[in-house]
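This report concerns only the one structure given below.
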There are 2 protein chains.
Amino acid sequence: MSSKEIVSKRWHGGDHGLTIERLPAKESFKSKAYAALKEAITNMNIYGSDEPMLLDERDISERLGASRTPVREAVAMLEQEGLLRAVPRRGIMVVRRSKAEIIEMIEAWAALESMAARLATQRASDEAIAELRALFKEFDLSRIERDRCDEYSGANIAFHQALIRLSGSSLLAAMTDNLFFHVRAIRHRTIFEMDRAQRSAADHREIISALEARDADRAERLVRDHTLRLARHVESHVQLD
Amino acid sequence: MSSKEIVSKRWHGGDHGLTIERLPAKESFKSKAYAALKEAITNMNIYGSDEPMLLDERDISERLGASRTPVREAVAMLEQEGLLRAVPRRGIMVVRRSKAEIIEMIEAWAALESMAARLATQRASDEAIAELRALFKEFDLSRIERDRCDEYSGANIAFHQALIRLSGSSLLAAMTDNLFFHVRAIRHRTIFEMDRAQRSAADHREIISALEARDADRAERLVRDHTLRLARHVESHVQLD
DNA sequence: CTGAGGAATTTGGCATACCAAATACCAACA
DNA sequence: TGTTGGTATTTGGTATGCCAAATTCCTCAG
């Protein structure tokens, strides 16, 4: 089958430079189901138990007030995203990552964020970097106030996301968001304790300094080492599998 | 709605440590459709024309001898993967990336591959590195023999993929494969000419040397700079948009 | 009471039908 | 001849039904 054959040619001519945005286009049940499922998976303690976590299409369809078809499409998307796995005649289950996989994710995260830091030293405005420092102060404050893991981790990830956005690369942001999603799912205490143990705040301060100094190599190295340290810590202190 | 509610509990007990792989499970129409579509998109010259490339569900269904349902699921997956975009009442179109997006991809690639190089210096066996050098020689030879862009580019990407596999991280491999897919879709001559202009082979030789010397920093830097150079070249010499 | 076998149910994969929106076509009018 | 308005057709979104495989449950023999 020639690959070109599957392309159909519709639509008469090109536009006349008049750019009018397509109106909202109400979101389909498919995307609603996708959002609902992802939300549900997010709030789920995936590693809380060892039994397989199974989802039921019909049940979800009823809850959403839609038929199985759009739900199945949403499931297919989440399967592609690596969050779900559908086994024929078995069920749709939430994927649990092995420790090795989590470590690979953190290493990839280190790669992407350190590149983001490098790019940020070259592209971010002084104002944007100043905002990061402001965020850092706020973050540091909240860290002292509350000791709850969730809050702390959230603020921590917020810092990293803000840093990555400084690079101006929406792709780096998207890819790391996806990785964060998986890493965050491990609600293992040691991940957060470690973050404190390794003086995360001090690291962050140094990183900001490197950005302000526009020192690409140093910013990159600091970010890389900071995150790789997390990988090593998970490797030796987190029990999964 | 509580997120836990969507989890159904079936199956009596847990297994007893006996791990038996589920037998092949003949691939579904969904996965067949996915593979067929991806194959088709791969062989398609996406940037060859400016008209939107539209796909027709029913047409594809007929060609595959299946109904629209599994095809739509495959489309949903490819949409999630960023290769397709379905606009309601409009059609399913192959996504064209802007130059800015392509550059972001190459930068992300640089990040991932340079991390792979770093990890490879720590984890790859001497034998594995030796194999890369062997591959390089073969590659270099084929480069001299043929001047055809496709072959050259293929061998070039093969080198990079082999290097990434040395890291032992299947995630880095998967992520870069995905990026390669998009970058490869730009069949712009300058991409390949550039690769020669910047003495790609010489760079590769240096990279292998760094790996053999187990010099993490140098290997990382060489790989990063090599690929970022490609990004800069695309930025200034490739016409898209 | 145990468990082996089979029937009933559950579940995901797939096909089909219908609908609304958007396009394409066409005829009538200026 | 060019434009316009309406109609037919196309197309993606969704609902529904059937099927085979796998599970669960029930029954009955030992």
Side-chain angles (χ1 to χ4, degrees), chain A residues 6-16 20-37 51-80 84-94, chain B residues 6-15 20-37 51-80 84-95:
Chain A
I6 72 171
V7 177
S8 69
K9 284 161 192 160
R10 280 188 282 151
W11 295 350
H12 284 154
D15 59 287
H16 305 72
I20 295 183
E21 279 310 311
R22 187 177 192 69
L23 38 88
K26 67 180 191 305
E27 67 177 340
S28 59
F29 279 128
K30 174 173 71 175
S31 50
K32 279 191 208 170
Y34 174 83
L37 281 175
E51 302 120 43
M53 306 186 89
L54 295 167
L55 306 181
D56 179 55
E57 286 182 0
R58 287 174 170 85
D59 182 49
I60 296 170
S61 304
E62 286 176 19
R63 292 174 188 276
L64 264 60
S67 76
R68 289 172 53 211
T69 309
V71 172
R72 282 181 57 78
E73 288 171 3
V75 168
M77 288 194 286
L78 289 164
E79 203 177 348
Q80 180 66 19
L84 297 180
R85 178 167 179 179
V87 182
R89 305 301 175 300
R90 266 308 175 87
I92 303 159
M93 56 193 69
V94 182
Chain B
I6 72 171
V7 177
S8 71
K9 285 160 192 163
R10 279 189 282 154
W11 294 350
H12 285 151
D15 60 285
I20 295 182
E21 279 308 311
R22 188 173 192 69
L23 40 88
K26 67 180 190 305
E27 66 176 342
S28 58
F29 279 123
K30 174 173 71 175
S31 51
K32 278 191 208 169
Y34 174 83
L37 280 175
E51 301 120 44
M53 307 186 88
L54 295 167
L55 275 51
D56 179 52
E57 287 183 358
R58 286 174 171 86
D59 182 50
I60 296 170
S61 304
E62 285 176 22
R63 292 173 189 275
L64 263 60
S67 77
R68 289 173 54 210
T69 309
V71 172
R72 282 183 57 77
E73 289 171 2
V75 168
M77 289 194 285
L78 290 164
E79 203 177 347
Q80 180 66 20
L84 297 179
R85 178 167 178 178
V87 181
R89 304 295 176 295
R90 267 306 177 87
I92 303 160
M93 56 192 71
V94 182
V95 172

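Below, chains carry the letters A, B, ... as their sequence lines are ordered, and counting in each starts from 1.
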Distance in angstrom units between B:Glu79 CD and D:dG12 C1', rounded = 11 Å

request  = May I have the distance from A:Met93 (atom CE) to D:dA22 (atom P), rounded to whole angstrom?
outcome  = 14 Å

task = Return the value, rounded to whole Å, for the distance between atom CG of B:Asp56 and atom P of D:dT9.
result = 17 Å

inquiry  = Give me the atom names and distance for the closest heavy-atom approach of A:Met93 to A:Val87.
reply    = CE-CG2, 4.3 Å

inquiry  = If you compare every side-chain N and O of A:Arg90 against the phosphate oxygens of D:dT23 (OP1, OP2), does one of them come in below 4.0 Å?
reply    = yes

Euclidean distance, B:Glu57 CD relative to B:Ile92 CD1, rounded to 0.5 Å = 4.0 Å

Whole-Å distance separating the CG atom of A:Leu64 from the C1' atom of D:dA15 = 15 Å

ask   = So which nucleotide from C:dG12, C:dC18, D:dT14 ends up closest to the side chain of A:Ser28?
value = D:dT14

query = Between B:Lys32 (NZ) and C:dA15 (P), how many Å, whole number?
reply = 10 Å

query = Taking the side chain of A:Phe29 as heavy atoms from C-beta outward, which of D:dA15, C:dT11, C:dC14 is closest to it?
reply = D:dA15

ask   = The side chain of A:Ser67 lies closest to which of these nucleotides: D:dA15, C:dG12, D:dG13?
value = D:dA15

Gap between atoms CZ and C1', on A:Arg72 and D:dG17 respectively (whole Å) = 14 Å

remark   = To the nearest angstrom, the CG-P distance between A:Leu55 and C:dT10 comes to 19 Å

key: Interatomic distance, A:Asp59 CG vs C:dT11 P [rounded to whole Å]   = 9 Å

key: 5′-ward residue of the pair A:Lys30/A:Arg58 relative to DNA chain D   = A:Lys30

task = Indicate the atoms forming the closest heavy-atom contact of A:Lys30 with A:Ala74, along with that distance.
result = O-CB, 3.8 Å

task = To the nearest 10°, let me know how far the axis at one end of the helix from C:dC1-D:dG30 to C:dA30-D:dT1 is tilted from the axis at the other, five pairs an end.
result = 10°

Positive for side-chain contact (heavy atoms from CB on, under 4.5 Å) with A:Val75, one of A:Leu55, A:Ile60, A:Leu84 = A:Leu84

query = Of the nucleotides D:dA15, C:dA15, D:dT11, which one has an atom closest to the side chain of A:Ala66?
reply = D:dA15

note = Correct closest heavy-atom pair for B:Glu73 and A:Ala76 would be O-CB, 3.9 Å

task = Please determine if a side-chain N or O atom of A:Arg68 lies less than 4.0 Å away from the OP1 or OP2 oxygen of D:dA15.
result = no

message = If you compare all heavy atoms of A:Ala33 against all heavy atoms of A:Pro70, which two are closest, and at what distance to 0.1 Å?
response = CB-O, 4.3 Å

ask   = Around atom CZ of B:Arg85, are there more than 12 heavy atoms of other residues, nucleotides or ligands at under 6.0 Å?
value = no

